[in-house]
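Each chain gets a letter, A, B and so on, in the order the sequences are listed, and its residues count up from 1. In this text, all values refer to a predicted model and were calculated from it rather than measured experimentally.
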Amino acid sequence: MDHLVGIRRDFVRCLAEKFGYNTTQDNVPVNETRREFSGDYTFVLFPYVKELRKSPAELGAVIGDWLVAHTDNIISYQVVQGFLNVSMSDGFWKHTLDDISSIKDYGSSPATGEKVIVEFSSPNTNKPLHLGHIRNILLGWSCARILEANGYDVIKTQVINDRGIAICKSMLAWQKFGNGATPESLQIKGDHMVGDYYVLFEKTFRTEYEMWQQSAEGQAIYQKLKKAGQDTDSFFKEYKNTYFNDYSVIGGEARQMLLDWEAGKPEVRALWHQMNGWVYRGFDETYTKLGVSFDCVYYESETYLLGKKAIDDGLQKGIFYRQDDGSVWVNLEDVGMDRKILLRSDGTSVYMTQDIGTAQKRYEDYGIRRMVYTVADEQDYHFKVLFEILRRMEEPYADGLHHLSYGMVELPTGRMKSREGTVVDADDLITEVISEVRTISEERGELAALPIEEQELILRQIGLGALKFFMIKVQPRKRMIFDPRESVDMQGQTGPYIQNAGVRIKSVLRKANTETAGSYDKYSDVSELEKALLRQLIQFPQVVKEAGINYDPSALANYAYQLARDYHRFYHEVRILNAPDAAAKNFRIALSGQVGRVLEKAFYLLGIEMPERM
RNA sequence: GGUCUCAUAGUUCAACGGAUAGAAUAGGAGUUUCCUAAACUCUUGAUCCAGGUUCGAUUCCUGGUGAGGCCA
């Protein structure tokens, strides 16, 4: 429901009546009046000045007079330059508050019956989750909730890359050096443990490689293949993959393990199940801490062979073509993209093939018409190509595909590099923000009287609130610099600042005994701060809608911040419980209640919890 | 080399083509007998460059510069 529908309609009616000019409500440029001018809403007159051949001043006066005379809501106006600023009556504000209070799920749209699948997180099983995953998870999760609020039936999913050479490296290292260790025996999360064996493999391999470089064989290769003037370091850096595939002992074992896995060799499969099982338990723990969950999971081990039939279909339809060597390609040059390989000459598929197959499988599984892929922007081109192919294949969901692309997370020192040990681990980060919150909370002493479990819950809510808000307030497509110090800030434009506004409201409502909240019919002189809050509340459904259309939770994050800021100001300026009269008190309590409700809902949509106290 | 994305206070972020470009942080100065001071008030400081479209451009278009990604 749009509370501005009324004034838009009146404006349109006025233009028709006074000037015989027809337009639609959607075309009416109406904004909130800027703080420095008096008025509540502003019509921009410039577009009509030319059309109607009237000066802005004249136009403003005619329309302003008409609006004041013909509507109950608008009580006065002022024309500044080409802007018509109108002031709304107390009645309008009170009715607005009534309306908002009466709407059950304010900000949500009715169900559309349309299903959408949202994919996010999508980790590899050989490494624990890190900072980049956190941004991905928060974006995907929040988008899922925002789409739900916009009436979609959302299915949340992740694709787990559980196969390939990487996990074989972990498996091999565990087999060689693990001595039967388990997460329980080592007292470590399973995903970290498996990640540690991956690192151990890489270390072992590197040692082996370095020794080989000194060997007669290594030196001979260097002398034979080096480019002019190339030194040993840069040569062997480039040669690493070839060495892994053609010479390395441990590399050969890992590759053999992959072959055994593909052949379904029981011992290898059993080990693979066991290690991935450890990883999943570790991931789930992290997901739980972050407060997210999935409706279904796709494993690459089950999808990596999909898509080959689609290639046959495409070949028959003439969308793809086969080269002499047997490889299959698609030519997208007519739309400014390249030729792209879909099936190698040996018949093996590439990522693209697999993604085509997975999309089809999802359609079969759920009948969805829309899919959202939350993947970093380094994959922009991949998804452009994928979507174009699916369009050409005339898949029924081809028009509902969206790549929720986001910029990489960098540290103040640059990109995270596992080689340099600068990868920020998700679990470590969460632990760190919570411990930071604990320190500050202890200084404040506000929670000291609460039971210990409740204290812990609140500390988690605040710590994660700080971290999540910090990451989600930035527009997805922008690259972000992550400074760990700033992520635990709790003053200013932060999660805890907004939580604090929510907590204040809860405290006020507790003391007010809300069930006895009475009428505010007699309230007059609605203050500027109160109007500002109501203008914000009116905006909320639109913000939710736009966040959905643009797949942009940051809009909602910034909205929540502004609403919280206006509430803090209001709170300082006026007395709520000790208001001068009952009508004022009731109005302010009701207003506080609605601000609290919207803040909580906005945070819900961002995946951030609102504590009871802090 | 081709192509995509980004560029706003010292720093981190905002601004459906609309008024004097907003916040936060950092620095300085204040606010507590009163509903939670993780708050509030005051103060210093910015649109990468050159054109174009427009009544009006941070926003749209063209070219350049810088940073990053993808492809080769």
Detail all sub-3.5 Å separations between protein N/O atoms and N/O atoms belonging to nucleotides 53-62 of chain B.
from, atom 1, to, atom 2, distance (Å)
rC55(B), OP1, K50(A), NZ, 2.6

Polar pairs (N or O, both sides) under 3.5 Å between protein and nucleotides 69-72 of chain B?
from, atom 1, to, atom 2, distance (Å)
rG69(B), OP1, R415(A), NH1, 3.3

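Using a 4.0 Å cut-off between charged nitrogen and carboxylate oxygen, E388(A) and K384(A) do not count as a salt-bridge pair. A salt bridge links E238(A) to K227(A): one of the charged nitrogens lies within less than 4.0 Å of a carboxylate oxygen.
Considering CZ of F570(A) and NZ of K531(A), their distance stands at 14.0 Å, rounded to 0.5 Å.
With rC35(B), rU36(B), rU11(B) as the choices, the nucleotide that has an atom nearest any side-chain atom of E486(A) turns out to be rU11(B).
Ring pair F469(A)/F603(A) is tilted by interplanar angle, where 30° to 60° counts as tilted. Aromatic ring pairs are classed by plane angle as parallel below 30°, tilted from 30° to 60° and perpendicular above 60°; the pair F387(A) and Y373(A) is tilted.
Rounded to the nearest Å, the gap between the C1' atom of rU44(B) and that of rA26(B) is 11 Å. Nucleotides rC40(B) and rU58(B) have their C1' atoms positioned 31 Å apart, rounded to a whole Å.
Side-chain contact check for D26(A) and T24(A): no donor-acceptor pair (N or O, by modelled atom type) lies under 3.5 Å. No side-chain donor from either of T494(A) and D489(A) sits under 3.5 Å from a side-chain acceptor of the other. A donor atom on one side chain and an acceptor atom on the other are found under 3.5 Å apart for T42(A) and N85(A). With no hydrogens or angles considered, a side-chain donor-acceptor pair links E530(A) and Y523(A) at under 3.5 Å.
A close approach under 4.0 Å does not occur between any side-chain nitrogen or oxygen of K506(A) and OP1 or OP2 of rC35(B). For Q475(A), no side-chain nitrogen or oxygen approaches OP1 or OP2 of rU5(B) to under 4.0 Å.
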Next on the checklist: Output one letter per nucleotide in nucleotides 19-24 of chain B: B when a protein non-hydrogen atom lies under 4.0 Å from the base, S when only the sugar-phosphate is that close, - when neither is.
Outcome noted: B--SBS

Next on the checklist: Please evaluate residues K340(A) and D355(A) with respect to the criterion salt bridge (Lys or Arg N to Asp or Glu O under 4.0 Å), reporting the C-alpha separation (whole Å), side-chain torsions for both, the decisive distance (0.1 Å), and the verdict.
Outcome noted: CA-CA 14 Å; K340(A) 198 84 194 171; D355(A) 283 351; over 6 Å; no

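Within 4.0 Å of N31(A), counting heavy atoms only, lies at least one base atom of the nucleic acid.
Residue pairs meeting the salt bridge (Lys or Arg N to Asp or Glu O under 4.0 Å) criterion with at least one member in residues 601-614 of chain A, sequence neighbours excluded: D105(A)-K601(A), K506(A)-E612(A), R510(A)-E612(A). For residues 474-487 of chain A, the pairs satisfying side chain to side chain donor-acceptor pair (under 3.5 Å) are E410(A)-R479(A), D483(A)-R485(A), with sequence neighbours left out.
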Next on the checklist: Dot-bracket for RNA chain B, please. Rules: Watson-Crick or G-U, both distances under 3.5 Å, ( ) within the strand, [ ] when a pair crosses earlier ones, | for another strand, . otherwise.
Outcome noted: (((((((..((((....[...)))).(((((.......)))))....(((((..]....)))))))))))).

